[in-house]
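A short write-up of the structure that comes next.
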Amino acid sequence: MDNYKKNIAEEIARVLDKNKNEVEKTIEIPPSKDLGDYAFPCFHIAKELKKNPNEIARQISEKIKKPEFVRDIKVVGPYVNFFLDESEFAKAVIVRVLTEGKNYGKSKILHGKTIMVEYSAPNTNKPLHVGHLRNDSIGMAISNILCFCGAKVIKANLYSDRGAHICKSMIGYLKYGNNKTPEDENIKGDHFVGKFYVLFSKDLEQNPELEKEAIEMLKKWENKDKEVRELWEKMNSWVIKGFEETYKKFGSKFDVVFKESDFYDKAGSLIEEGLKKKIFKETDVGIVALLEQYGLPNKVLLRKDGTSIYITTDLSLTKYKFDKYKLDEAIWVVGSEQKLYFQQLFKIFELLNYEFAKKCKHLSYEMIYLPEGRLKSREGKVVDADELIESAEEKALEEIKKRYQNITKEHLERKRAIGLAAIKFFMLKVDPNKPIFFDINKAIEFEGETGPYVQYTYARAKSIIRKSGLEKELKNIFKSADFSSLDSIEEKEIISLINEFQQVVEESAKSLAPDKVCQYLLKLSEKFNKFYHSCKIIQSDKVDLEKLLLVYAVSQTIKNGLELLNIETLEEM
RNA sequence: GGGCCCAUAGCGUAGUCAGGAUAGCGCAACUGGCUUCUAACCAGUAGGUCGUGGGUUCAAAUCCCACUGGGCCCGCCA
């Protein structure tokens with residue numbers, strides 16, 4: 001897209017008799033628009049020629065032939081700054097948004113690739129908590145972003161629905177449940193089951209022997225004991241129903257849902273293969289992958305008694321994923337505390353000589369901490385997902401009530417969209433490598449660098465377009481527009497930013513970093529709001545058509561960006 | 001003992017991979033702006049040894065080394 005830069009580089013390269021690609025790499029975008037649209041720093045050349053960089057900049061500016069689209073070239077100290085012909089540039093950018101609409105910003109860098117993104121991955125013994133919301137926000141956003149870049153994305157979930165932890169909630173239920181159902185107590189199934197997990201854990205503190213009881217039950221489960229299986233089916237279905245409700249509310253979507261119970265016992269051939277190749281070894285603790293010579297700790301794959309652990313499932317499931325879906329890449333969105341685990345998993349596949357080992361990626365993100373420390377489901381020390389969503393919506397409703405007297409059905413729909421936007425944007429705007437110290441007031445803030453702020457910016461833009469009465473005629477207006485009137489610094493900056501959108505999306509896809517899209521949207525919103533205040537688009541009954549087109553381009557870009565983050569836009573707020 | 005991640009104003013955060021022009025921004029504080037296209041906004045004031053110490057460079061928040069502080073992980077939890 002950025003042909004301007006290329007052409008400028010070519011011209012500089014000609015003057016200096018240099019390689020144009022090298023020149024292109026050194027061209028920068030100045031910190032401020034009034035310095036120009038592109039800048040060529042002369043430090044490198046100065047060093048080579050052992051001359052003063054300011055002098056070189058001056059010489060370049062004298063010798064250079066001004067490309068057609070460049071309005072002006074100015075020397076500022078050691079920089080040669082280029083000013084684009086803004087009217088041509090504005091026209092090119094706006095026409096692109098106008099014709100591409102909801103596809104504006106789409107890229108083809110991942111065209112033809114099939115990528116699976118596994119995220120959320122809850123345990124079916126307790127409700128979802130705030131950590132899952134960070135996970136889901138990242139998982140959904142990165143899926144959308146990869147898809148926008150041309151990939152075929154398969155969103156996958158994995159229910160960890162068997163194992164010692166599941167048995168613990170079952171034992172808790174047997175002891176304290178009195179055969180009741182979630183309906184009896186009128187609470188969501190996941191919350192209902194979670195209570196028994198906490199009760200069991202409390203008992204466990206008093207009596208560590210209970211750990212063995214859980215393993216005993218796990219053995220029965222693996223031996224398909226009828227009673228244990230029936231209870232398990234029943235409790236799992238309660239929990240999963242609860243999950244599905246929360247996912248629906250939050251907007252987490254999955255194309256395929258895997259269950260650990262379908263895969264835990266299917267790693268047999270892989271394990272035999274490893275034993276044969278002497279990569280695995282039977283020891284007194286179970287079957288162990290020997291990884292020490294590769295700088296990783298050894299990893300137990302199967303307990304001595306033959307029962308499975310978490311990695312047993314991932315061994316068979318990963319192979320299954322690549323076989324069945326012919327993936328070009330598999331991404332796991334999982335907390336950073338499991339980094340080593342994934343290194344081990346991927347290493348095992350590499351040692352087993354599976355070509356797909358190279359195509360596995362762990363998208364790691366840091367944890368969410370409470371002021372008093374880590375989230376601990378066992379102790380009930382969590383921020384519950386449903387409760388957080390509820391609080392966010394409540395706060396949104398309060399804000400709406402401040403602005404409207406009569407609350408309509410539409411307002412109730414709006415509070416949902418605003419509340420969710422706050423949570424999702426909060427989860428996505430920071431670098432995934434940074435831990436979040438949870439403070440509910442920060443998580444559901446609507447002012448400043450927040451989701452609702454971006455939504456509000458969009459609503460403002462749409463309001464102008466609505467009131468102009470020209471929404472349907474934008475494409476005709478365009479033909480007679482004179483873009484040289486968009487000549488303020490604010491306007492030029494906005495146009496530049498809109499032009500950068502696709503590049504931001506691509507970078508975000510390449511580095512699996514949705515926070516880049518958030519930062520971009522904040523910047524665009526900030527510039528737009530400044531512009532909004534500094535000038536009027538509709539004055540009495542006269543509409544500034546060029547500005548209106550710019551407003552449209554902003555609104556469409558924000559909409560496309562928010563959609564990537566799985567955040568709804570509102571026409572009115 | 002080993003490995004990974006983080007450190008930027010009272011708090012939070014961008015910029016670090018690809019070193020350059022006054023280190024952007026938000027919250028909180030203070031001042032000002034709604035009979036106007038929506039004030040969930042905007043303008044302004046104040047607040048910074050970019051964890052510490054070295055090194056590389058014409059130039060370091062950014063690259064390299066050492067250290068300090070915090071978090072996470074290190075064979076039968078997930």
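Nothing here was measured: the structure is a model prediction, and the numbers come from that model. Below, read A as the first sequence line, B as the second, and so on, with proteins coming before strands; counting in each chain starts at 1.
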Rounded distance (Å) that lies between atom C1' of B/A14 and atom NZ of A/K429: 11 Å
For B/G44, the Watson-Crick or wobble counterpart (both distances under 3.5 Å): B/C30
Could you list the donor-acceptor pairs under 3.5 angstrom formed between side-chain atoms of residues 414-432 of chain A and any protein atom two or more places apart in sequence or on another chain?
{"unit_1": "A/R414", "atom_1": "NE", "unit_2": "A/E572", "atom_2": "O", "d": "3.2"}
{"unit_1": "A/R414", "atom_1": "NH2", "unit_2": "A/E410", "atom_2": "OE2", "d": "3.0"}
{"unit_1": "A/R416", "atom_1": "NE", "unit_2": "A/E413", "atom_2": "OE2", "d": "3.2"}
{"unit_1": "A/R416", "atom_1": "NH2", "unit_2": "A/E413", "atom_2": "OE2", "d": "2.6"}
{"unit_1": "A/R416", "atom_1": "NH2", "unit_2": "A/E568", "atom_2": "OE1", "d": "3.4"}
{"unit_1": "A/R416", "atom_1": "NH2", "unit_2": "A/E568", "atom_2": "OE2", "d": "3.1"}
{"unit_1": "A/K424", "atom_1": "NZ", "unit_2": "A/F250", "atom_2": "O", "d": "2.9"}
{"unit_1": "A/K424", "atom_1": "NZ", "unit_2": "A/N566", "atom_2": "O", "d": "2.8"}
{"unit_1": "A/K429", "atom_1": "NZ", "unit_2": "A/E449", "atom_2": "O", "d": "2.9"}
{"unit_1": "A/D431", "atom_1": "OD1", "unit_2": "A/N433", "atom_2": "N", "d": "2.8"}

Donor + acceptor pair across side chains of A/N529, A/Y453 (<3.5 Å): yes
Whole-angstrom distance between B/G24 and B/G47, as gauged at atom C1': 15 Å
G-U wobble or Watson-Crick pairing nucleotide for B/C25 (cut-off 3.5 Å, both distances): B/G12
Test: A/R460 cationic atom under 6.0 Å from A/Y532 six-membered ring centre, within 45° of axis: yes
What does the list of N/O pairs under 3.5 Å between the protein and nucleotides 76-78 of chain B look like, with a distance for each?
{"unit_1": "B/C76", "atom_1": "O2'", "unit_2": "A/R303", "atom_2": "NE", "d": "2.4"}
{"unit_1": "B/C77", "atom_1": "OP2", "unit_2": "A/R303", "atom_2": "NE", "d": "3.3"}
{"unit_1": "B/C77", "atom_1": "OP2", "unit_2": "A/R303", "atom_2": "NH2", "d": "2.5"}
{"unit_1": "B/A78", "atom_1": "OP2", "unit_2": "A/Y310", "atom_2": "N", "d": "3.2"}
{"unit_1": "B/A78", "atom_1": "O3'", "unit_2": "A/S160", "atom_2": "OG", "d": "2.1"}
{"unit_1": "B/A78", "atom_1": "O2'", "unit_2": "A/N123", "atom_2": "OD1", "d": "3.0"}
{"unit_1": "B/A78", "atom_1": "N1", "unit_2": "A/Q338", "atom_2": "OE1", "d": "3.2"}
{"unit_1": "B/A78", "atom_1": "N3", "unit_2": "A/Q338", "atom_2": "NE2", "d": "3.2"}

Gap between atoms CE and C1', on A/M367 and B/C5 respectively (whole Å): 11 Å
Distance-only side-chain donor-acceptor flag, A/K33 / A/S496, under 3.5 Å: yes
Gap between atoms NZ and P, on A/K376 and B/C72 respectively (whole Å): 9 Å
Who pairs with B/C67 - Watson-Crick or G-U, where each distance is under 3.5 Å: B/G51
Salt-bridge criterion met for A/K402 and A/E399 (N-O under 4.0 Å): yes
Identify each donor-acceptor pair in which a side-chain atom of residues 363-371 of chain A lies under 3.5 Å from a protein atom, sequence neighbours left out, and give them as a table.
{"unit_1": "A/Y365", "atom_1": "OH", "unit_2": "A/N135", "atom_2": "ND2", "d": "3.0"}
{"unit_1": "A/E366", "atom_1": "OE2", "unit_2": "A/S336", "atom_2": "OG", "d": "3.2"}

For atom OH of A/Y365 and atom P of B/C5, their distance in whole Å: 18 Å
Whole angstrom value for the distance that separates P of B/A40 from CD of A/E572: 13 Å
Per-pair stack call A/Y79 and B/A21, 5.5 Å, 30°: yes
Stacked pair A/F43-B/G20, distance under 5.5 Å, angle under 30°: yes
Residue pair A/E222 / A/T307, side-chain donor-acceptor N/O under 3.5 Å: no
Whole angstrom value for the distance that separates C1' of B/U13 from CZ of A/F437: 14 Å
Test of ring centre spacing under 6.0 Å for A/Y38 and A/Y79: no
Pairwise distance OG1(A/T312) to CG(A/D265) - rounded to 0.5 angstrom: 10.0 Å
Contact state string [nucleotides 43-48 of chain B, B base, S sugar-phosphate only, - no protein heavy atom under 4.0 Å]: S-----
Using the 3.5 Å cut-off, write out each protein N or O paired with an N or O of nucleotides 22-24 of chain B and the distance between them.
none

Distance, rounded to the nearest Å, where A/L296 contributes CG and B/G2 contributes P: 17 Å
Separation of the P atoms in B/C6 and B/U16, to the nearest angstrom: 13 Å
B/U38 - base-pair partner by Watson-Crick or wobble geometry, distances under 3.5 Å: none
Atom-pair distance (CD on A/E506; C1' on B/A18), nearest Å: 16 Å
Residue pair A/K516 / A/S511, side-chain donor-acceptor N/O under 3.5 Å: yes
B/G1 pairs with, by Watson-Crick or G-U criteria that keep both distances under 3.5 Å: B/C74
Candidates B/A21, B/U38, B/A40 - which lies nearest the side chain of A/A459: B/U38
Between protein and nucleotides 34-37 of chain B, what N or O pairs are separated by less than 3.5 Å?
{"unit_1": "B/C37", "atom_1": "O3'", "unit_2": "A/K467", "atom_2": "NZ", "d": "3.4"}
{"unit_1": "B/C37", "atom_1": "O2", "unit_2": "A/I537", "atom_2": "N", "d": "3.2"}
{"unit_1": "B/C37", "atom_1": "O2", "unit_2": "A/I538", "atom_2": "N", "d": "3.1"}
{"unit_1": "B/C37", "atom_1": "N3", "unit_2": "A/I537", "atom_2": "N", "d": "3.2"}
{"unit_1": "B/C37", "atom_1": "N4", "unit_2": "A/Y532", "atom_2": "O", "d": "2.2"}
{"unit_1": "B/C37", "atom_1": "N4", "unit_2": "A/C535", "atom_2": "O", "d": "2.5"}

